[in-house]
Amino acid sequence: MVKLRFAPSPTGNLHVGNYRTALINFLFTKINSGHFLLRIDDTDNERSKIEFEKSIKEDLSWAGLKWDSEVKQSSRIKRYRQVLESLIKKQFVYPCFETPEELLLKRKSQLSSGKPPVYDRSSLKLSPSNIEKYISEGRKPHFRFMLNHETVFWNDLVRGECKYNMKNISDPIIVREDGRFIYTLASVIDDIDLNITHIIRGEDHVTNSAAQIQLFNSLGSKAPTMGHLSLMTDFEGESLSKRIGSISLKELRHNEIESLSLNSYLSLNGTSKNIILRNNLHEIISDFKISDFNRAPTKFNFNDLKKLNSKFIQQLNYEEIKSRFNYLDLKIEKNAWEVIKSNIFSLSELKKWDQIIYGELLENDVEEIMKENFIKHMPENKFNSETWKNWTYNLEKNLDIKKSEIFKLLRKALTGISKGPEMSELILIMGKEKILDRLKK
RNA sequence: GGCCCCUUCGUCUAGUGGUUUAGGACAUCGCCCUUUCACGGCGGCAACACGGGUUCGAAUCCCGUAGGGGUCACCA
């Protein structure tokens with residue numbers, strides 16, 4: 001069975017870039033009737049926070065991404081220890097004694113002399129007696145995985161045939177000096193133990209993947225199928241994850257973005273399909289194809305997302321919209337919603353229309369004399385579907401003003417703004433009394 | 001700086017050597033509908049980064065240049 005994992009580190013809130021990866025993993029899993037694992041990558045216990053873990057889960061739930069199982073790396077340290085021992089025994093892993101400062105210095109000097117900042121393996125050249133001496137001095141080793149300097153090949157789900165020459169990267173550190181494990185190894189052990197079949201993540205992981213493929217092999221396993229998505233950038237083409245205060249799901253929610261709009265957008269942006277609002281998550285799943293994603297980086301276009309979201313709001317029926325504005329304490333009734341819905345672009349606008357339809361007097365800059373005229377020519381009888389037509393007809397006949405001008409002024413006098421839904425229907429909902437009231441102000 | 005990836009309308013993209021006056025969607029603009037605005041319907045504008053090859057023929061293949069992104073952590 002197909003099994004994928006989304007493996008966030010709980011060091012911050014989910015942002016759109018992260019979430020996009022989560023979504024695509026989820027969709028790939030579901031279209032293949034697979035198992036979706038949520039793995040909390042919290043090996044870095046200095047930066048990991050339980051609040052972030054909670055927040056990430058909250059966001060995933062909000063978005064409708066149900067995970068089938070869950071595991072935390074911090075609960076698997078014992079297992080990692082075991083595997084580390086075996087790797088040391090087999091000499092796939094070697095101890096190193098450089099301090100972080102020394103390494104940094106090394107990199108800097110390599111870089112400034114035009115060389116790639118790749119670790120020179122000097123610790124590998126240490127004699128056993130040297131190592132003993134270091135340890136007796138109280139120095140603690142960190143461990144690196146010894147890369148095989150050949151070319152690694154893999155067939156990537158989105159990038160096709162890929163290869164990477166391992167000479168270009170450093171032997172990855174897999175255990176810190178203080179004994180804490182680093183994600184590189186932990187992730188591979190988990191993927192093996194938990195039978196992960198496909199790894200889909202951002203392009204920023206390609207060199208990791210290359211190294212990890214060797215790690216899988218050294219552990220006697222075949223690496224899962226890899227897929228590297230191109231990264232999403234902001235509108236200026238700047239990386240989303242690097243951006244300070246990059247857009248979090250929380251932020252999107254504060255902007256009243258609904259999960260269906262977000263999921264529609266993210267599952268379509270960067271593909272050859274048109275960006276449209278889907279009807280539900282099922283539809284998104286059944287139409288998902290990983291090969292639709294382009295290799296070129298794509299832009300996160302907030303306007304496109306907002307547009308989708310407007311569409312979503314406009315097609316809600318009364319019960320659905322009502323459940324969304326309960327907390328806003330609005331009076332809007334069913335007939336009112338039907339009239340205003342096509343003019344609404346965001347939930348927050350409901351407040352404005354609630355005020356216009358049910359609220360008190362409004363400011364507007366229509367002249368008093370004009371308002372008096374409006375009253376004077378208002379049809380006498382009870383308001384009905386012909387009222388607006390008759391009213392504006394009367395005004396046109398008696399006032400010697402262009403019809404379109406009458407329309408605009410009357411709309412403005414009654415609603416305070418120059419845009420909005422069909423007036424002939426709106427006045428019926430507002431009612432004669434309120435309208436008279438408003439004109440008399 | 002090394003390595004990897006990318007470059008078609010404003011945006012997301014179709015295009016795998018001739019079927020292409022480069023197609024669609026969104027945005028934009030115009031018209032129609034509506035005795036206003038919006039919604040809706042119809043239509044227009046708008047792109048192959050640049051320079052060399054290869055070829056009868058190139059957006060499509062090759063080389064180079066430029067630009068963008070990623071990566072090179074005792075982060076994930």
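Naming: A, B, ... by sequence-line order, numbering from 1 per chain. Side-chain atoms are counted along with the backbone in the values below, which use heavy atoms only and exclude waters and symmetry mates. As the structure is a prediction and not an experimental result, all values here were calculated from the model.
Across all strands shown, the partner of G43(B) is C29(B), judged by Watson-Crick or G-U wobble contacts whose two distances both fall under 3.5 Å. Under the Watson-Crick and G-U wobble criteria, each requiring two contacts below 3.5 Å, nucleotide U36(B) is left unpaired. Under the Watson-Crick or G-U wobble criterion, with both distances below 3.5 Å, G1(B) is paired with C72(B). When Watson-Crick and G-U wobble pairs are counted only if both distances are under 3.5 Å, G51(B) pairs with C63(B). Nucleotide U21(B) forms a pair with no other nucleotide shown, judged by Watson-Crick or G-U wobble geometry with both contacts under 3.5 Å.
Residue-level contact check: T271(A) touches the backbone only, with heavy atoms under 4.0 Å from sugar-phosphate atoms and none from bases. At the heavy-atom level, E203(A) lies under 4.0 Å from the strands shown only through sugar-phosphate atoms. Within 4.0 Å (heavy atoms only), S112(A) reaches no atom of the nucleic acid at all. At a threshold of 4.0 angstrom between heavy atoms, the contacts of I182(A) are confined to the sugar-phosphate backbone, with no base atom among them. Counting non-hydrogen atoms under 4.0 angstrom, P297(A) reaches the backbone sugars and phosphates but no base. No contact: R180(A) has no heavy atom under 4.0 Å from any strand. Residue-level contact check: H228(A) touches neither bases nor backbone, having no heavy atom under 4.0 Å from any strand.
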Practice problem: Mark up nucleotides 31-41 of chain B, 5' to 3', with B wherever a protein heavy atom is under 4.0 angstrom from a base atom, S wherever such an atom reaches only the sugar-phosphate, and - elsewhere. | Solution: ----BBBB---
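A donor-acceptor contact shorter than 3.5 Å links the side chain of R438(A) to the backbone of L414(A). Side chain of R411(A) to main chain of G416(A): no donor-acceptor pair is present (N/O by atom type, distance under 3.5 Å, no hydrogens or angles).
Under 3.5 Å, the side chain of N208(A) and the base of A76(B) form at least one donor-acceptor pair of N or O atoms.
Nucleotides C9(B) and U60(B) place their P atoms 14 Å apart, quoted to the nearest Å. Nucleotides C48(B) and U16(B) place their C1' atoms 15 Å apart, quoted to the nearest Å. Rounded to the nearest Å, the gap between the C1' atom of A47(B) and that of U11(B) is 12 Å. To the nearest whole angstrom, the two C1' atoms, one in A14(B) and one in U20(B), are 12 Å apart. Rounded to the nearest Å, the gap between the C1' atom of C63(B) and that of G23(B) is 30 Å. Atom C1' of C61(B) sits at a distance of 23 Å from the matching atom of G67(B), rounded to the whole Å. Separation of the P atoms belonging to C37(B) and C32(B) is 11 Å when rounded to the nearest angstrom. Annotation: A58(B) and G53(B) have their C1' atoms spaced 12 Å apart (nearest Å).
For the pair F143(A) CZ and A73(B) P, the interatomic distance rounds to 20 Å; values are reported in whole Å. Protein atom NE2 of H205(A) is 15 Å distant from nucleotide atom C1' of C5(B), rounded to whole Å. Between L185(A) atom CG and C74(B) atom C1' there is a gap of 14 Å when expressed in whole angstrom units. Atom CZ of R139(A) and atom C1' of C74(B) are 14 Å apart (whole Å). As rounded to whole Å, 16 Å separates atom C1' of C72(B) from atom OH of Y119(A). A73(B) atom P lies 9 Å from atom CG of L103(A), rounded to whole Å. Across the protein-nucleic acid pair, L268(A) atom CG and U11(B) atom C1' stand 14 Å apart, rounded to whole Å. What separates CD1 of I275(A) from P of A14(B) is a distance of 12 Å, to the nearest Å.
Contact annotation: R107(A) side-chain N/O to C72(B) OP1/OP2 distance is not under 4.0 Å. Proximity of T43(A) to the phosphate of A76(B): a side-chain N or O atom is located under 4.0 Å from OP1 or OP2. Close to A14(B), at under 4.0 Å from its OP1 or OP2, lies a side-chain N or O of N294(A). Within the structure, every side-chain polar atom (N or O) of R159(A) is placed at least 4.0 Å from both OP1 and OP2 of G70(B). Neither OP1 nor OP2 of C5(B) sits under 4.0 Å from any side-chain N or O of R295(A). In this model, the phosphate group of G70(B) is not approached by any side-chain N or O of R201(A) to a distance below 4.0 Å at OP1 or OP2.
Ring planes of H205(A) and Y183(A): tilted class, angle from 30 to 60°. Ring geometry for F300(A) versus F302(A): interplanar angle under 30°, hence parallel rather than tilted (30 to 60°). Below 30°, between 30° and 60°, or above 60°: for W154(A) and H228(A) the angle between ring planes is above 60°, a perpendicular geometry.
Each of C6(B), U13(B), C74(B) was ranked by its minimum atom distance to the side chain of T298(A); first place goes to U13(B). Of the candidates G1(B), C74(B), C3(B), C74(B) carries the atom nearest the I173(A) side chain, counting heavy atoms from C-beta on. For P117(A), the side-chain atoms get nearest to C72(B) when compared with the rest of C72(B), C6(B), U71(B).
Taking the centre of each ring, W388(A) and Y393(A) stay at or above the 6.0 Å mark.
Side-chain contact, S424(A) with K389(A): no donor N or O sits under 3.5 Å from an acceptor N or O. Checking Y94(A) against D171(A) by side-chain atom types alone, a donor-acceptor pair falls below 3.5 Å. Side-chain atoms of E386(A) and N390(A) include no donor-acceptor pair closer than 3.5 Å.
Ion pairing between D44(A) and R180(A) holds under the 4.0 Å rule for side-chain N and carboxylate O.
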Self-check item: Derivation of the side chain to side chain donor-acceptor pair (under 3.5 Å) call for D190(A) and Q73(A)
Solution: CA-CA 8 Å; D190(A) 288 339; Q73(A) 289 196 319; 2.9 Å; yes
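With Y19(A) as reference, N263(A) is the one residue of D59(A), N263(A), L252(A), I56(A) to meet the side-chain contact (heavy atoms from CB on, under 4.5 Å) rule.
Geometrically, R144(A) engages Y119(A) in a cation-pi contact, judged by NZ or CZ lying under 6.0 Å from the ring centre and within 45° of the ring axis.
When each of D292(A) and P8(A) is assigned the nucleotide of RNA chain B bearing its nearest heavy atom, the one mapping closer to the 5' terminus is D292(A).
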Polar atom pairs (N or O), protein with nucleotides 44-47 of chain B, under 3.5 Å:
none

